[in-house]
Amino acid sequence: MGESAWLAERFEEHRTHLRAVAYRMLGSVSEADDALQEAWLRASRADTDDVENIAGWLTTVVARVCLNLLRTRERQREEPLDVRLTDPAVAPEDGGDPEEEAVLADSVGVALLVVLDTLSPAERLAFVLHDMFAVPFDDIGPMLERSPAAVRQLASRARRRVKGASPLPEADLTRRRRVVDAFLAATRGGDFEALVALLHPDVVLHADTFVIPTPEPVVVSGAITVAKGAMAATGRAHFTGPALLDGTVGLAMAPLGRLRLVLTFTLTDDDLITGIDVIADPDRLGELEVATLDA
């Protein structure tokens with residue numbers, strides 16, 4: 001077997017792992033696949049005679065491609081996703097498969113993708129490779145042209161952002177998480193009765209003018225009316241996940257890992273939802289501290 005054929009077999013053998021690295025680095029299925037294509041072109045032109053750990057070497061090639069893409073994204077400051085939040089379903093407009101995007105976002109965690117998108121390219125690379133794929137700091141350092149100690153600091157800083165903190169007792173967070181998870185499950189599954197059961201009869205929902213293009217914020221009251229509105233957003237729910245929002249449990253909608261909308265909840269002592277705030281104003285979203293929740 002020639003060297004080219006051997007390398008092609010090794011690349012295919014490790015494709016699942018390499019795609020997982022690229023997806024967590026970039027937050028988009030199509031961008032991850034583009035990165036793998038570019039990585040293969042680079043790998044196929046390289047001399048692999050002295051490569052002892054082909055999986056590690058290919059991971060490095062993919063990581064370098066992703067790092068370049070992240071740096072380009074940061075320089076351009078582009079918003080590639082134009083989401084109309086009033087649409088009944090929101091699908092990524094990057095050419096990717098919406099269903100696959102939703103499944104992968106769920107598997108990784110919407111909140112994690114949101115936080116990763118706020119990190120610098122160097123922080124994201126250090127955290128993803130070390131904390132998610134156990135790549136040693138000594139191996140990451142050359143990619144960033146930094147010492148292992150400096151890379152360790154980058155990963156530590158990213159880790160603090162990802163984890164976040166809450167002033168609420170653990171029991172309160174767990175209780176709120178249970179209600180929010182149930183709300184999301186009912187919305188995704190189109191289970192109207194289950195959703196109504198979670199809502200106080202006099203629940204009030206507020207949505208800012210970026211959620212629905214109206215001159216004034218929208219206010220909806222009553223369990224039946226609020227539940228009907230939630231049922232109309234079933235498509236968006238597939239790109240939504242639980243998150244720690246300013247220290248409390250809520251929902252974040254983030255196609256391609258870019259935060260577009262959040263829902264915060266007010267609960268009674270018996271775990272009924274009395275208030276829902278839907279926020280899509282970019283300025284308000286930018287002020288939110290978003291972090292992940294423990295499984």
Side-chain angles (χ1 to χ4, degrees), residues 1-76 80 94-97 100-101 103-105 107-109 112-113 115-159 161-162 256-257:
M1 180 184 296
E3 180 179 346
S4 178
W6 176 85
L7 184 59
E9 283 195 1
R10 299 291 77 74
F11 194 91
E12 289 304 315
E13 177 185 348
H14 298 292
R15 177 178 287 276
T16 299
H17 163 76
L18 298 174
R19 194 172 190 246
V21 172
Y23 178 73
R24 285 153 181 79
M25 285 289 295
L26 300 171
S28 158
V29 170
S30 66
E31 287 183 343
D33 288 340
D34 288 345
L36 256 62
Q37 184 175 1
E38 174 63 24
W40 165 246
L41 292 175
R42 294 189 183 192
S44 64
R45 294 193 294 261
D47 183 357
T48 58
D49 288 344
D50 297 328
V51 175
E52 297 180 0
N53 179 0
I54 191 65
W57 181 77
L58 288 172
T59 298
T60 297
V61 175
V62 169
R64 289 183 183 276
V65 171
C66 291
L67 181 62
N68 289 338
L69 291 173
L70 287 174
R71 285 170 170 168
T72 299
R73 182 191 295 176
E74 187 178 51
R75 285 194 302 268
Q76 293 176 341
D94 67 340
D97 180 345
E100 185 179 16
E101 290 280 1
V103 170
L104 280 175
S107 68
V108 175
L112 177 57
L113 291 174
V115 180
L116 290 177
D117 194 52
T118 68
L119 302 178
S120 70
E123 289 171 337
R124 189 163 184 166
L125 181 81
F127 176 81
V128 168
L129 290 187
H130 180 267
D131 284 42
M132 303 183 79
F133 294 99
V135 178
F137 291 126
D138 287 347
D139 294 344
I140 301 173
M143 303 183 209
L144 297 173
E145 298 181 343
R146 305 193 189 198
S147 68
V151 176
R152 184 186 299 273
Q153 290 180 339
L154 288 171
S156 177
R157 189 159 62 235
R159 197 177 303 121
R161 293 275 296 280
V162 167
L256 305 185

Handout entry: Closest non-hydrogen atom pair, Trp57 against Ala46
Key = CZ2-CB, 3.7 Å
Problem - Gap between atom CG of Asp33 and atom CD of Glu38 - 0.5 Å precision - result: 13.5 Å
Practice task
Spell out, as yes or no, whether a donor-acceptor pair under 3.5 Å connects the side chain of Glu101 to the backbone of Leu256.
Solution key: no
Exercise for the section: Using the six-membered ring wherever Trp is involved, compare the ring planes of His17 and Phe133 and label them parallel, tilted or perpendicular (cut-offs 30° and 60°). Expected result: perpendicular
Handout entry: Straight-line distance of Leu144 CG to Leu154 CG, nearest 0.5 Å
Key = 6.5 Å
Exercise for the section: Could you grab the distance from atom CZ of Arg152 to atom CD1 of Ile140, nearest 0.5 Å is fine? Expected result: 10.0 Å
Handout entry: Exercise: identify the closest heavy-atom pair between Ala43 and Leu7
Key = O-CD2, 3.3 Å
Exercise for the section: Can you measure from CG (Leu125) to CE (Met143) and round to the nearest 0.5 angstrom? Expected result: 6.0 Å
Problem - Pairwise distance SG(Cys66) to CZ(Arg73) - rounded to 0.5 angstrom - result: 9.5 Å
Handout entry: Cationic N near anionic O, under 4.0 Å, Arg10 to Glu13
Key = yes
Handout entry: Backbone N/O of Arg24 and side chain of Arg124: donor-acceptor pair under 3.5 Å
Key = yes
Exercise for the section: Examine distances only and state if a side-chain atom of Arg15 and a backbone atom of Leu36 form a donor-acceptor pair shorter than 3.5 Å. Expected result: no
Problem - Expected output: side-chain Thr48 to main-chain Val51 donor-acceptor under 3.5 Å - result: no
Practice task
Would you name the heavy atoms of Phe127 and Ala158 that are closest together and state the gap between them?
Solution key: CB-CB, 3.7 Å
Handout entry: Student check: side-chain heavy atoms of Met132 and Met25 closer than 4.5 Å
Key = no
Practice task
Check Asp138 against Pro148 and note the closest heavy-atom contact, atom names and distance.
Solution key: OD1-CG, 3.0 Å
Problem - Distance-minimising heavy-atom pair for Leu26 and Ala35 - result: CD1-CB, 3.9 Å
Handout entry: Separation between CG of Leu104 and CZ of Arg19, rounded to the nearest 0.5 Å
Key = 6.0 Å
Practice task
Identify the heavy atoms of Val151 and Gly141 that sit nearest to each other, and give their distance.
Solution key: CG2-CA, 3.7 Å
Practice task
For the pair Leu129 and Thr59, evaluate side chain to side chain contact (heavy atoms under 4.5 Å, CB included) and give the outcome as yes or no after the intermediate values.
Solution key: CA-CA 9 Å; Leu129 290 187; Thr59 298; 4.3 Å; yes
